[in-house]
Number of protein chains: 2
Amino acid sequence: MRADAKKNRDRLLAVAGEVFAEQGADASLRDIARKAGVGLGTLYRHFPTREALLETLLRASFEALAARAGELETSDSADEALVVWMHETTEFTYSQRGIIALMMDAIEDTNSALHASCVMLRAAGTALLTRAQAEGKARDDLNGEELFDLIAALAWLREQPAHAPRADRLFDIIAGAVLTDRADV
Amino acid sequence: MRADAKKNRDRLLAVAGEVFAEQGADASLRDIARKAGVGLGTLYRHFPTREALLETLLRASFEALAARAGELETSDSADEALVVWMHETTEFTYSQRGIIALMMDAIEDTNSALHASCVMLRAAGTALLTRAQAEGKARDDLNGEELFDLIAALAWLREQPAHAPRADRLFDIIAGAVLTDRADV
DNA sequence: ACCTGAACACCGTTCAAGT
DNA sequence: ACCTGAACACCGTTCAAGT
């Protein structure tokens, strides 16, 4: 890559990171290009879709979340590990408002730039769920896809301003529904 | 209202009903005006906001759902009544894709045209929940706002194409979390 | 090889001009 | 009293023209 191209790309990523964090994942791409001092075509050349831009920005975080699942799998108790990971995953998507809807699409769309990341994330969660189930800590009649749906539902709720004051309660209720022991977490 | 104004209004409502049902609650208002054979300004004159248009279209359905809660309250067992109503409410919002996000905003925004309808709906659900709790059929540590959040989360999930095949399972899991008896519904 | 921005086809919203 | 559609300020996306 030519040096000027790399400079533009880096600048775009830096600005996009700020703008997405501020305005959510549906922020204007035109605005990002403008703030990066770059032509709109340059943004599209480097990142052909919004998903591609987000994927580049968030890949490291997705991988960190998957790695975190591996970590929790060897350290904490099976049920606690699962709940902690559900919580951290929900909080992560909240830090990138609007991304959970894109992730729900991407996980079924092999052409999406976010597809691989989402599949990886779901697999990481599935491993934690399976371990908890093996130890009788999580309900048996639940699979990784359903767990991903529940996390997505929590993440979406978290994004709703009307819901904010009840975020923790709702998390506990749904996490409680996943575990065998019904006591709040 | 002048006869021609009423004709335009009726025409707009008829077309909007079709277009929203087809394309979801975020359909283009310009498109609706065009299809109704009416100037865009006429749409705005009759319905100053998208919410106002939706409210006029859906008020009857909202009221029917609230009435249905009253009906279920006197007929069915408390737990079944609650779950059936949760289901019917979820299905209703699904028939109007995109409306649940607007409802979540509207319930906190007294200025929204949808505010009253949402508050009424939440109150109807709260009554069913309270009865179920009084009979020991629903968990005690839950209030009407939280129930509304759970229904909203289910409604949002229902709208996600990626989730569709698991819609029924997820409903059972969350409805199960509301009830005291953990058995699936 | 890469960048730019005009061009195109859309939005939501407002409002001057018409009947 | 009501209607119309141009006008304005935005989108996402593409692509001819420039360096």
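Everything numeric in this text was worked out from a predicted model, so none of it was measured. Throughout, protein chains are lettered first and strands after them, A, B, ... in sequence-line order, and every chain is numbered starting at 1. All heavy atoms count here, side chains included; hydrogens, waters and symmetry mates do not.
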A.B. asks: Roughly how many Å apart are dA1(D) and dT14(C), using the P atom of each and rounding to a whole number?
C.D. replies: 22 Å

A.B. asks: Indicate, with a heavy-atom threshold strictly under 4.0 Å, whether R45(B) touches base, sugar-phosphate, or nothing.
C.D. replies: base

A.B. asks: Reading DNA chain C from 5' onward, which residue's closest nucleotide shows up sooner: T49(B) or R2(B)?
C.D. replies: T49(B)

A.B. asks: Any chance you could measure K137(A), atom NZ, to S77(A), atom OG, to the nearest 0.5 Å?
C.D. replies: 5.0 Å

A.B. asks: Let me spell it out: for each of L40(A) and T42(B), pick the nucleotide of DNA chain C with the closest heavy atom. Which residue's pick is nearer the 5' end?
C.D. replies: L40(A)

A.B. asks: Measure the acute angle between the ring planes of W156(B) and W156(A), then classify it against the limits of 30° and 60° as parallel, tilted or perpendicular.
C.D. replies: parallel

A.B. asks: First contact, last contact: which nucleotides of DNA chain D are these for chain A, 5' to 3', heavy-atom distance under 4.0 Å?
C.D. replies: dC11(D) to dC15(D)

A.B. asks: With a 4.0 Å cut-off, would you call D10(A) and K7(A) a salt bridge?
C.D. replies: no

A.B. asks: Judged by each residue's nearest nucleotide on DNA chain D, which is more toward the 5′ side, G41(A) or L29(A)?
C.D. replies: L29(A)

A.B. asks: Could you spell out the base pairing of DNA chain C in dot-bracket, with Watson-Crick or G-U pairs whose two distances are under 3.5 Å, [ ] crossing and | to another strand?
C.D. replies: ||.|||||...|||||.||

A.B. asks: Let me confirm one number: the CG-CD distance from L154(B) to E159(B), rounded to the nearest 0.5 Å.
C.D. replies: 11.5 Å

A.B. asks: Report the C-alpha separation of I99(B) and L58(B) in whole Å, then their side-chain angles, then the decisive distance to 0.1 Å, and conclude whether the side chain to side chain contact (heavy atoms under 4.5 Å, CB included) test is met.
C.D. replies: CA-CA 10 Å; I99(B) 208 189; L58(B) 300 178; 3.0 Å; yes

A.B. asks: Would you mind writing out the side-chain donor-acceptor pairs for residues 38-46 of chain A within the sub-3.5 Å range, not counting sequence neighbours?
C.D. replies:
none

A.B. asks: Describe the nucleic acid contact of A3(A) in one word from base, sugar-phosphate, nothing, applying a heavy-atom distance below 4.0 Å.
C.D. replies: nothing

A.B. asks: With a 4.0 Å cut-off, would you call R97(A) and D26(A) a salt bridge?
C.D. replies: no

A.B. asks: Considering every strand and a 4.0 Å limit on heavy-atom distances, what is the contact class for A33(A): base, sugar-phosphate, or nothing?
C.D. replies: nothing

A.B. asks: Under 3.5 Å, is there a donor-acceptor pair between the side chain of R50(B) and the main chain of A25(B)?
C.D. replies: yes

